[in-house]
Amino acid sequence: MTTNLEKRFEKFLNAATFSRQLDGELVVPDNVPLADYMLFENTILEMKSIKTDVESKLKEKAHNIIDKNAVIYGDYQSAIINLPNGKILNDKIYNDGTRLIEGLLRKAKSQIESTMAYLNTDLHGGVVLILNDSLISIPYDGILNKLSELFHRTDEIGNFKYQKIEQVILIQDVIGVDCGVYILNNSTTVVRPDTEISVSRMLNSWKNDQRIS
């Protein structure tokens, strides 16, 4: 398919009978950010897309650590791991590379929490859908590991920051690399049965719509 993943999923949700658009449809003050959709009237869904790769950024940082004129054969992790403090250096590059994931989750958190407050309800589950058809340099398990790490971040009084997000769905559509669907439960909060059922039904409908077996 030539249409990008975000446009395909937007078209799918806008046509689905179980999905109700929130952002752009509800009349709210300008300073109230809303999540994108309500699924089955019990699950708030915020959709985010990864639109760029960070490969050049990672390689640039690796070159700066090793030698700006060095030629790196294979992946940068292998080139750095045998250096003094190699693991620490690799971790730093990885953290820099995954900042875009952190930014997406932080914004989604704000939109889901704001939507819950506007609707004056805490009875709806919060779910983030991340669509990736661009990021190649960080594999799906690296993205999921970063999300899991973020789920365990706490605020200044020790509360987990992302408790309103029950699940993250990662859909990969990177041709020649990975085309899969991954669901990550937030272990720092309760995932409601309604949320799990709504997500499962949405994904089954999406697979049927895209004719994915």
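Numbers here simply count residues along the sequence, with the first being 1.
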*asked:* Please report the interatomic distance CG(Leu100) to CG(Leu135), rounded to the nearest 0.5 Å.
replied: 6.0 Å
*Atom CD1 in Ile101, atom CZ in Arg99: separation rounded to 0.5 Å?*
13.5 Å
_For Phe12 against Met202, the heavy-atom pair lying closest together_ = CZ-O, 3.7 Å
*Indicate whether the side chain of Asp141 and that of Tyr182 have a donor and an acceptor atom separated by less than 3.5 Å.*
no
*Atom CD of Gln210 and atom SG of Cys179: how far apart are they, to the nearest 0.5 Å?*
11.5 Å
_Quick check against the 3.5 Å criterion: does Gln21 have a side-chain atom that pairs as donor or acceptor with the backbone of Tyr37?_
no
_Is there a side-chain contact between Phe18 and Ser198 in this structure, where contact means two heavy atoms from C-beta onward sitting under 4.5 Å apart?_
no
*Can you measure from OG (Ser49) to CG (Leu129) and round to the nearest 0.5 angstrom?*
7.5 Å
*Going through the checks in order, is the side-chain contact (heavy atoms from CB on, under 4.5 Å) test met by Ile171 and Leu203?*
CA-CA 10 Å; Ile171 297 183; Leu203 291 177; 4.3 Å; yes
*Minimum heavy-atom distance Leu144-Leu184, with the two atoms named*: O-CD2, 3.7 Å
*Can you check whether Asp155's main-chain N or O pairs, donor with acceptor, with Asn159's side chain at less than 3.5 Å?*
no
_Any side-chain heavy-atom pair of Ile143 and Thr98 under 4.5 Å_ = no
*Give the ring-plane orientation class for His152 versus Phe160, where under 30° counts as parallel, over 60° as perpendicular and anything between as tilted.*
perpendicular
_Closest contact, heavy atoms only, Val199 versus Ile169_ = CG1-CD1, 3.6 Å
*Going by an N to O cut-off under 4.0 Å, is there a salt bridge joining Glu149 and Lys146?*
yes
_Looking only at the side chains, is there a donor atom on one of Lys109 and Gln163 sitting less than 3.5 Å from an acceptor on the other?_
no
*Any side-chain heavy atom of Lys51 within less than 4.5 Å of one from Asn4?*
no
*Hey, mind stepping through Thr189 and Ile165 against side-chain contact (heavy atoms from CB on, under 4.5 Å) and telling me if it holds?*
CA-CA 8 Å; Thr189 193; Ile165 298 173; over 6 Å; no
_Verdict with reasoning, Tyr140 to Asn132, per side-chain hydrogen bond (donor to acceptor under 3.5 Å, both in side chains)_ = CA-CA 9 Å; Tyr140 80 92; Asn132 177 32; over 6 Å; no
_When you compare the side chain of Arg153 with that of Glu102, does any pair of heavy atoms fall below 4.5 Å?_
yes
*So, are Arg8 and Glu6 salt-bridged, with charged N and O less than 4.0 Å apart?*
no
*How close do Ala35 and Ile44 get, heavy atom to heavy atom, and via which atoms?*
CB-CG2, 3.4 Å
*Just by modelled atom types, is the Asn42 backbone N or O under 3.5 Å from a matching donor or acceptor in the Asp194 side chain?*
no
*Which atom names give the shortest non-hydrogen contact between Ile112 and Val128, and what distance separates them?*
CD1-CG2, 3.8 Å
*Tell me, do Thr52 and Ser134 make a side-chain contact under 4.5 Å, heavy atoms counted?*
no
*asked:* Please say yes or no: joined through hydrophobic side-chain contacts below 4.5 Å, possibly via intermediate residues, are Ile183 and Val190 part of one cluster?
replied: no
_Tell me the closest heavy-atom pair linking Met116 and His124, and the distance in Å._
CE-O, 3.2 Å
_With clusters defined by side-chain heavy atoms of hydrophobic residues (ILVMFWY) lying less than 4.5 Å apart, directly or transitively, does Ile197 cluster with Trp206?_
no
*About how many Å separate CZ of Phe9 and CG of Asp209, when rounded to the nearest 0.5 Å?*
9.0 Å
*Kindly say whether Thr188 contributes a backbone atom to a donor-acceptor pair with the side chain of Asn186 at under 3.5 angstrom?*
yes
_Lys164 NZ: over 12 foreign heavy atoms closer than 6.0 Å_ = no
_Between Glu156 and Lys161, is the salt bridge (charged side-chain N to carboxylate O under 4.0 Å, His left out) condition met? List the steps._
CA-CA 10 Å; Glu156 61 277 2; Lys161 290 183 176 181; over 6 Å; no
*Step by step, work out the side-chain contact (heavy atoms from CB on, under 4.5 Å) result for Leu45 and Leu13.*
CA-CA 11 Å; Leu45 179 77; Leu13 285 178; 3.8 Å; yes
*Under the side-chain contact (heavy atoms from CB on, under 4.5 Å) rule, what do Val168 and Ile130 come out as? Steps first, then yes or no, please.*
CA-CA 7 Å; Val168 172; Ile130 297 178; 3.9 Å; yes
*Between atom CG of Leu147 and atom OH of Tyr162, what is the distance when rounded to the nearest 0.5 Å?*
9.5 Å
*Val127 vs Glu46 side-chain heavy atoms within contact, under 4.5 Å*: no
_Could you check whether any side-chain N or O of Gln167 sits under 3.5 Å from a backbone N or O of Glu196, counting only pairs where one atom can act as donor and the other as acceptor?_
no
